[in-house]
Engineer: 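One structure, pasted below without further comment.
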There are 2 protein chains.
Amino acid sequence: MADLDTRLDEMIARLREKGYRLTPQRLAVLRILAASQKHPGVEGIYERVREDFPMTSLATIYKTVTLLKEMGQVMELSFGGMGCRYDGRNPHPHPHLICLQCRNIVDADVGDVTGLCKEVSRKTGYRIVSHRLDFFGICRECQEKK
Amino acid sequence: MADLDTRLDEMIARLREKGYRLTPQRLAVLRILAASQKHPGVEGIYERVREDFPMTSLATIYKTVTLLKEMGQVMELSFGGMGCRYDGRNPHPHPHLICLQCRNIVDADVGDVTGLCKEVSRKTGYRIVSHRLDFFGICRECQEKK
DNA sequence: CTTCATGCAAAACATTTGCAGCTGG
DNA sequence: CCAGCTGCAAATGTTTTGCATGAAG
């Protein structure tokens, strides 16, 4: 849990640093984003926050997530057809594995792409800021269900 | 132009094969998707189709693009904040370069990722169906403008 | 002729925004 | 206190859908 706490602490520190307030709703969102392996979407965060704070509005979730995104403390993953999903545990580019059946998203620990970034930059003249590498497929559980 | 024509012919053949009709509007959409390097969005396709067929509706563009996507004849690229963009010239996974300033999208010819796919598959047990590799940055022109 | 496709308008979502009142620091 | 947050509701933007009419094969 140390990792998770340091992530949470980091997020809180970054908020404070910029003079943003730490409301109970915000803290609840931070907690979820700092801890969740499941790359939740806004709706998912909303439901979980409402377990503790039933009057929380969806707009607040959006505002908080957007704020964190702009501060570089969460990474947004957008997919056609569904709302965006968020990774607060590791807000830097890294590969993801998406199951097309159960829609779960997990981190994929394969060699990173920084080498490729450099190659692309050199070949094209672009200044590469970020990247995204996602694999789509069927997870083991869903293969067995079939 | 041979390439483009074969892409167009391929798309037409696939439509016919499945018993879909080839209307003027559809043909116009196919032409744009088969030829465009710019990875247009629905709105862009709409505007260009309307130059030739001013009564075409947006719904028709959506329906045609969705149909082609389901047939695997166009690849959809979704990004947070903007509508999806489409690649009809090469509907198979391949890396893209996105300029964060001018929003242009071009193909990036870097070594492909099939090796990584196999590695991921072996390590995780997922059956990998597809993938996505995108680089975000600032293109040469936009760097100079700054 | 017989589907299937089109265009229109309405609906369905996802996300953002304006604003009055509340509250963290 | 009081700037910044919240909740609500309305606005926005995108994509989908239902249905009557029209056209492809």
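What's counted below: heavy atoms across the whole structure, side chains too, no hydrogens, waters or symmetry copies. Just so it is clear: chains get the letters A, B, ... in the order the sequence lines come, proteins before strands, and each one is counted from 1.
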Engineer: Select from Lys69(B) and Leu58(A) the residue whose nearest nucleotide in DNA chain D is closer to the 5' end of that strand.
Structural biologist: Leu58(A)
Engineer: Does the base of dG25(D) carry an N or O that pairs as donor and acceptor with the side chain of Arg21(B) under 3.5 Å?
Structural biologist: no
Engineer: Does dC4(C) have OP1 or OP2 sitting under 4.0 Å from an N or O in the side chain of Thr23(B)?
Structural biologist: no
Engineer: Measure the distance from CE on Met55(A) to P on dT6(D) and round it to the nearest whole Å.
Structural biologist: 13 Å
Engineer: Roughly how many Å is it from OH in Tyr62(B) to P in dT15(D), rounded to a whole number?
Structural biologist: 3 Å
Engineer: What is the separation between atom CD1 on Ile61(B) and atom P on dT15(D), rounded to the nearest whole Å?
Structural biologist: 13 Å
Engineer: Answer yes when Asp87(B) and Arg85(B) have at least one side-chain N-carboxylate O distance shorter than 4.0 Å, and no when they do not.
Structural biologist: no
Engineer: With nearest nucleotide decided by heavy atoms, which residue, Gly19(B) or Phe53(B), maps closer to the 5′ end of DNA chain C?
Structural biologist: Gly19(B)
Engineer: Quick one: is Ser57(A) getting a side-chain N or O under 4.0 Å of the dT6(D) phosphate, OP1 or OP2?
Structural biologist: no
Engineer: State which residue, out of Gln37(B), Arg89(B), His39(B), fulfils the side-chain hydrogen bond (donor to acceptor under 3.5 Å, both in side chains) condition with Asp107(B).
Structural biologist: His39(B)
Engineer: Look only at the side chain of Ser121(A) and the backbone of Tyr126(A), and say whether a donor-acceptor pair between them is shorter than 3.5 Å.
Structural biologist: yes
Engineer: Looking at Glu119(B) and Lys123(B), does any basic side-chain N land under 4.0 Å from a carboxylate oxygen?
Structural biologist: yes
Engineer: Taking any heavy-atom pair under 4.0 Å as a contact, classify Gln25(B): base, sugar-phosphate, or nothing.
Structural biologist: sugar-phosphate
Engineer: Should the pair Glu141(B)-Lys145(B) be classified as a salt bridge under the 4.0 Å nitrogen-to-oxygen rule?
Structural biologist: no
Engineer: Measure the distance from CD on Glu70(B) to C1' on dT15(D) and round it to the nearest whole Å.
Structural biologist: 13 Å
Engineer: What is the separation between atom OH on Tyr20(B) and atom C1' on dT2(C), rounded to the nearest whole Å?
Structural biologist: 18 Å
Engineer: Does Lys63(B) get its side chain close enough to the base of dG7(C), under 3.5 Å, for a donor-acceptor pair?
Structural biologist: yes
Engineer: Taking side-chain contact (heavy atoms from CB on, under 4.5 Å) as the definition, give me every residue that meets it alongside Pro91(A), ordered by chain and number, with sequence neighbours left out.
Structural biologist: Arg7(A)
Engineer: Output the rounded distance in Å from CZ (Arg26(A)) to C1' (dA3(D)).
Structural biologist: 12 Å
Engineer: Can you tell me how far C1' of dA14(C) sits from OH of Tyr46(A), to the nearest Å?
Structural biologist: 14 Å
Engineer: Let me know the distance between CG of Leu22(B) and P of dT3(C), rounded to the nearest Å.
Structural biologist: 21 Å
Engineer: For the residue pair Arg103(B) and Phe136(B), would you count it as a cation-pi contact if the rule is NZ or CZ under 6.0 angstrom from the ring centre and within 45 degrees of the ring axis?
Structural biologist: no
Engineer: What does the inter-axis angle of the helix from dC1(C)-dG25(D) to dG25(C)-dC1(D) come out as, five pairs per end, nearest 10 degrees?
Structural biologist: 40°
